[in-house]
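As the structure is a computational prediction, the values presented were derived from the model and not from experiment. Start at 1 with the first residue, then count along the sequence. Only heavy atoms go into these numbers, but all of them, side chains included; no hydrogens, no water, no symmetry mates.
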Amino acid sequence: MSKTVLVTGGAGFIGSNYVNFKSKQQNSKIVNLDKLTYAANLDNIKISDTCEYTFIEGDICDLEVVKKIFLEHKIDEVIHFAAESHVDNSITNPGAFIDTNIVGTFNVLQAAYQNWMDAPTIFKEGMERSKFLHVSTDEVYGTLAGTGLFTEQTPYAPNSPYSASKASSDMLVRSYFHTYGLPVVTTNCSNNYGPRQHDEKLIPTIIRKAVAEENIPIYGNGKNVRDWLYVLDHCKGIDLVLEKGKLGETYNIGGKNERENLYIAKTICKILDKIKPLKGQKSYLDLITFVSDRPGHDFRYAIDASKIENELGWCAKENFETGIEKTIDWYLNKYN
C-alpha cells in the first residue's frame, strides 16, 4: 500500500525539484504544503500524470492548519523542506527565521507525533512505518579553514541567524526521537544549485546580471569556498534516506565540488561568452565587481558524504562543470 507523503515547502527550490522527482514514482501520493512566499513559485511544479497530488497553500507556523492536513490526508511520511534560507535576509529580518525554522518545525513535529503515536514509543495502529525526514544545511557546523570536512560528528557552531535557526530545528527533531521515539532522520546538505532556484541566490544572480549586462556582485575578494551539490542529486539522496535511513541518524549530503565564489562567476561568464557572446568582442568577465563582504561571512564549507555513500549507496552524478552547463541553459530560457 502506497504512503501519503507531506512535503512542506514544496513550491520552493529544492522542494519543487523533489516533488517533481517523487511524482514520477509508481503510486506516489503527495500533499504539498507551501506558504507561497517570495521564494516559492507554483510554476516550478511539473507533476507526473500518475501521481495523486494535492497542493495546499498554508503556513507551517499555523499549528491548526498542519494538524488538519495530517488528519484529513492521513499523512504517513513527511519531507520537511519549508524554511527561510537566505542568509542576507536573516541578518536584516531574523524574526521570520525564528518563526518559520523553529516554531514551524515544532508544529510539524508535534502534528506528526499526535497523529502517529498514542504515547512516547507507542505507535497508533497502522502508523508503525511512518517516517519524518528533516532537511537541513551544512551551515549549522559553522565555518572551516583551508582544510578539513564537516562530518556528522562535527560540533554545531552556527554563525548567522539563519544557521542558528536551522541548528535549533535540528535539535528539536533530535529531541522528538530521543524523548518520544518519533521516527525521524535528518539530512544536512551543502550548497544546492540547478533549475528553479530563486533569483536572489548566487548562481542565478550571476547569470541574471550577466545576461542583463549589469555588474555581477561578488562579496569581499571572492575567495569564500562552498561545496556545490546539483539539486537532482540531492533529491535522490533525500529519497534514499527516506527509504533506507536509520531512524535517529543524520546523513550529510555533499557534492565534493568545492569551488571559490570567484571561480563560480568566472566559469559562468566563460560559458556565456561561448554560447551567448556579447557584442563588440566584450567579455562577461568584465562585469564582475567586488562589493563589501557580508557580515560574519563563513569562509569555507565542505562535506564528507562518506556515510550516505557507504551505508546507503548514494553518490553524486553531476560534477560542477557538467551541472552548471545544465543550470545555465535553464536560466537562459527563463530570462529570455
Side-chain angles (χ1 to χ4, degrees), residues 8-9 12-15 35 37-40 59-61 63 66 78-110 132-145 148-179 182 184-192 197-198 200-202 219-220 224-227 229 234 238 248-254 261 292-304:
T8 69
F13 167 42
I14 306 174
K35 187 181 177 182
T37 64
Y38 75 97
D59 189 350
I60 59 171
C61 291
L63 180 57
V66 178
V78 174
I79 309 287
H80 180 42
F81 290 103
E84 294 285 348
S85 66
H86 193 46
V87 176
D88 287 352
N89 292 346
S90 83
I91 295 170
T92 57
N93 183 26
F97 288 72
I98 304 305
D99 291 342
T100 298
N101 298 358
I102 302 177
V103 177
T105 298
F106 162 74
N107 287 343
V108 185
L109 285 166
Q110 186 67 4
F132 186 114
L133 191 151
H134 174 59
V135 181
S136 191
T137 172
D138 60 357
E139 295 190 42
V140 298
Y141 299 122
T143 186
L144 290 166
L149 299 170
F150 294 137
T151 73
E152 288 82 0
Q153 284 72 46
T154 301
Y156 277 28
N159 291 321
S160 70
Y162 161 59
S163 55
S165 68
K166 289 298 289 185
S168 300
S169 69
D170 292 7
M171 295 298 104
L172 278 171
V173 172
R174 173 187 166 87
S175 75
Y176 267 71
F177 174 74
H178 286 280
T179 300
L182 192 73
V184 304
V185 282
T186 296
T187 57
N188 293 80
C189 69
S190 58
N191 278 43
N192 278 225
Q197 192 169 26
H198 189 265
E200 71 189 358
K201 298 290 188 170
L202 177 65
Y219 281 132
N224 298 76
V225 176
R226 299 294 181 261
D227 174 14
L229 174 65
H234 186 197
I238 289 169
E249 294 286 314
T250 293
Y251 296 87
N252 284 350
I253 307 179
N261 289 346
S292 297
D293 209 352
R294 165 193 288 160
H297 197 180
D298 289 337
F299 173 66
R300 174 174 169 261
Y301 306 144
I303 271 184
D304 178 352

Strictly distance-based, threshold 3.5 Å: is any side-chain N or O of [X] a donor or acceptor partner for the main-chain N or O of [Y]?
X	Y	result
N107	I60	yes
N192	S190	yes
T143	F299	yes
E84	Y162	no
R300	G148	yes
T8	A82	yes

Within the structure provided, determine whether H134 and S169 are in side-chain contact (heavy-atom separation under 4.5 Å).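 Touching, per the 4.5 Å side-chain cut-off.
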
Indicate yes or no: at least one non-hydrogen side-chain atom of F13 is less than 4.5 angstrom from one of K201.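 The answer is no, as the side chains (C-beta and beyond) never meet within the 4.5 Å cut-off.
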
Drop me the distance from [X]'s [atom1] to [Y]'s [atom2], to the nearest 0.5 angstrom.
X	Y	atom1	atom2	value
D227	F150	CG	CZ	10.0 Å
R174	T179	CZ	OG1	10.0 Å
I14	I79	CD1	CD1	12.5 Å
F177	L109	CZ	CG	13.0 Å
T154	D304	OG1	CG	8.5 Å
L172	I102	CG	CD1	7.5 Å

Qualifying side chain to side chain donor-acceptor pair (under 3.5 Å) pairs, either residue in residues 94-106, two or more places apart: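 Only H80-T105, N101-S165 qualify under side chain to side chain donor-acceptor pair (under 3.5 Å).
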
How close do T186 and V173 get, heavy atom to heavy atom, and via which atoms?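 The answer is OG1-CG1, 3.6 Å.
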
Considering all heavy atoms, the nearest A39-H198 contact: CA-CD2, 3.6 Å

Residues forming a side chain to side chain contact (heavy atoms under 4.5 Å, CB included) with H297, sequence neighbours excluded: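 Side chain to side chain contact (heavy atoms under 4.5 Å, CB included) list for H297, sorted by chain: Y219, N224, R226, N261, D293, R294.
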
With side-chain contact (heavy atoms from CB on, under 4.5 Å) as the criterion, how do Y176 and Q110 come out once you've worked through the C-alpha distance, each side chain's angles and the decisive distance to 0.1 Å? CA-CA 9 Å; Y176 267 71; Q110 186 67 4; 2.5 Å; yes

Could you pull out all residues at least two apart from Y156 that satisfy ring pair (Phe, Tyr, Trp, His ring centres under 6.0 Å)? Y141

Stepwise, does the side-chain hydrogen bond (donor to acceptor under 3.5 Å, both in side chains) test hold for E139 with Y301? CA-CA 7 Å; E139 295 190 42; Y301 306 144; 3.2 Å; yes

Please assess V108 against F132 for the test side-chain contact (heavy atoms from CB on, under 4.5 Å), listing each intermediate value before the final yes or no. CA-CA 9 Å; V108 185; F132 186 114; 3.5 Å; yes

Going through the distances and angles, do N188 and D170 end up as a side-chain contact (heavy atoms from CB on, under 4.5 Å)? CA-CA 9 Å; N188 293 80; D170 292 7; 3.3 Å; yes

